[in-house]
Amino acid sequence: MSEVGPRNEEGMMPALSIHTLGYVTALLPLLTTHLCWGLSILLGYIEPCNPYGVDCVSISNTGRHGVAYFLFKAGMLPTTLLLFLFWGLCWQWLALLGQGRHRAWLLVALLGSAALMLYALTLGHSTGYYPVLRRNGIALFLFMTFTLQVVVADGLYRTERWHGAGLGLLWLSTLTLVVALLSVALAAWLGEGYERLENGFEWWLLLLLNLPMLVLARLWQLSGLKMGLRLQE
């Protein structure tokens, strides 16, 4: 991977810009969940409501019934692979910038992708251990994703070129953490009354967790970051 143009060395494939992968990785889960929300309303499975407000449905409920059930899986399962590729490219980018991270970081990315896959596969099944697996899967995914975003933001913050972008991403991660902690605090304070707000917090957290990936994709585009493959006989 390189921040310069395509190499013409013998045995090298033309370098490919990777920012498109970043944009797709960030937008696919957002597009999937919002399409499932609209489709479920259209087909009468849920009542019309503002997902970012009160008294609306959870993200999971938008993909439980009818065509939305298949659409949800069709969008989220490819996202699991894209996310692992995305964080792998971030790992290589930080190394290129002189901010290399331990390879164990890739294990964190793999666990996050596997957790999201577990959530997507168990969605729509409400018997046995499926609800427990689904809740644990999404909780692990959120934690791993947040951790990876902080690591990348910190690495960029330590570079001269991307110091400002890294600082902005750290502030965005701080906002995400504040929203998550506020959710926990309100759940403890309001008790059953928190159920009216819970789903709205879920939608906001999904949005906040995808915004940093959009920013990173934009940074890749600005830097002209490219990836090439070497051919061997």
Side-chain angles (χ1 to χ4, degrees), residues 21-84 86 111-146 149 175-176 179-214:
L21 182 144
Y23 285 127
V24 172
T25 303
L27 292 174
L28 183 57
L30 290 175
L31 182 62
T32 299
T33 52
H34 286 80
L35 282 177
C36 288
W37 165 75
L39 189 60
S40 294
I41 291 177
L42 183 64
L43 296 178
Y45 291 112
I46 62 176
E47 294 295 327
C49 59
N50 176 13
Y52 294 94
V54 299
D55 296 327
C56 199
V57 296
S58 66
I59 293 174
S60 297
N61 280 334
T62 65
R64 291 183 187 275
H65 308 286
V67 179
Y69 172 87
F70 299 99
L71 177 61
F72 193 93
K73 287 177 168 50
M76 299 306 289
L77 290 177
T79 297
T80 63
L81 175 59
L82 290 173
L83 279 170
F84 182 68
F86 179 89
L111 288 174
S113 293
L116 180 60
M117 182 177 293
L118 177 65
Y119 165 76
L121 289 174
T122 55
L123 182 64
H125 303 276
S126 57
T127 59
Y129 292 101
Y130 286 116
V132 175
L133 292 173
R134 184 175 64 252
R135 287 192 295 269
N136 289 335
I138 194 60
L140 182 61
F141 164 71
L142 294 175
F143 176 75
M144 293 299 185
T145 301
F146 177 79
Q149 290 176 354
L175 175 61
T176 303
V179 172
L181 292 177
L182 178 61
S183 173
V184 174
L186 287 175
W189 181 35
L190 298 177
E192 293 184 359
Y194 174 71
E195 294 179 0
R196 299 186 60 194
L197 304 173
E198 182 177 7
N199 295 330
F201 272 105
E202 185 178 292
W203 284 89
W204 278 109
L205 285 173
L206 174 68
L207 177 63
L208 289 172
L209 283 172
N210 280 273
L211 286 180
M213 289 186 284
L214 281 174

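Atom CG of Leu133 sits about 13.0 Å away from atom CD1 of Ile138, to the nearest 0.5 Å. Note that CE of Met117 is 10.5 Å distant from OG1 of Thr79, once rounded to the nearest 0.5 Å. Atom OG1 of residue Thr33 and atom CG of residue Asn210 lie 8.0 Å apart, to the nearest 0.5 angstrom. We find the CG-CE distance between Leu209 and Met144 to be 13.5 Å, quoted to the nearest 0.5 Å. In this structure, CG on Leu140 lies 10.5 Å from CG on Leu116, to the nearest 0.5 angstrom. A distance of 9.5 Å separates CG of Leu208 from CD of Gln149, quoted to the nearest 0.5 Å.
Taking each heavy atom of Leu118 and Gly137 in turn, the nearest pair found is CD2-CA, 4.2 Å. Across all non-hydrogen atoms, the minimal contact from Met213 to Ala26 is CB-CB, 3.7 Å. When all heavy atoms of Tyr194 and Phe201 are compared, the closest pair comes out as OH-CD1, 3.8 Å. Contact record, Tyr69 with Arg64: CD1-O, 3.8 Å, taken as the closest heavy-atom pair.
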- Message: For a side chain to side chain contact (heavy atoms under 4.5 Å, CB included) check, start with the C-alpha distance between His65 and Ile46, then their side-chain angles and the critical distance, and finish with the verdict.
- Response: CA-CA 10 Å; His65 308 286; Ile46 62 176; 5.8 Å; no
Subject >> Check against side chain to side chain contact (heavy atoms under 4.5 Å, CB included), Tyr119 and Ile59 >> reply: CA-CA 11 Å; Tyr119 165 76; Ile59 293 174; 4.0 Å; yes
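The shortest distance between side-chain heavy atoms of Leu39 and Tyr45 does not fall below 4.5 Å. A 4.5 Å side-chain heavy-atom check between Ser183 and Glu198 finds every atom pair outside the cut-off. Side chains of Phe72 and Ser60 form no contact here, defined as non-hydrogen atoms less than 4.5 Å apart. Side chains of Glu47 and Asp55 form no contact here, defined as non-hydrogen atoms less than 4.5 Å apart.
Distance alone, capped at 3.5 Å, places no donor-acceptor pair between the Ser40 side chain and the Trp37 backbone. Side-chain atoms of Thr32 come within 3.5 Å of backbone N or O of Leu28 as a donor-acceptor pair. A donor-acceptor contact shorter than 3.5 Å links the side chain of Thr80 to the backbone of Leu77.
Annotation: cation-pi geometry not satisfied between Lys73 and Phe70 (NZ/CZ under 6.0 angstrom from ring centroid, within 45° of ring axis).
By the neighbour-count criterion of 12 heavy atoms within 6.0 Å, atom CZ of Phe143 is sparsely surrounded, having that number or fewer from other residues, nucleotides or ligands.
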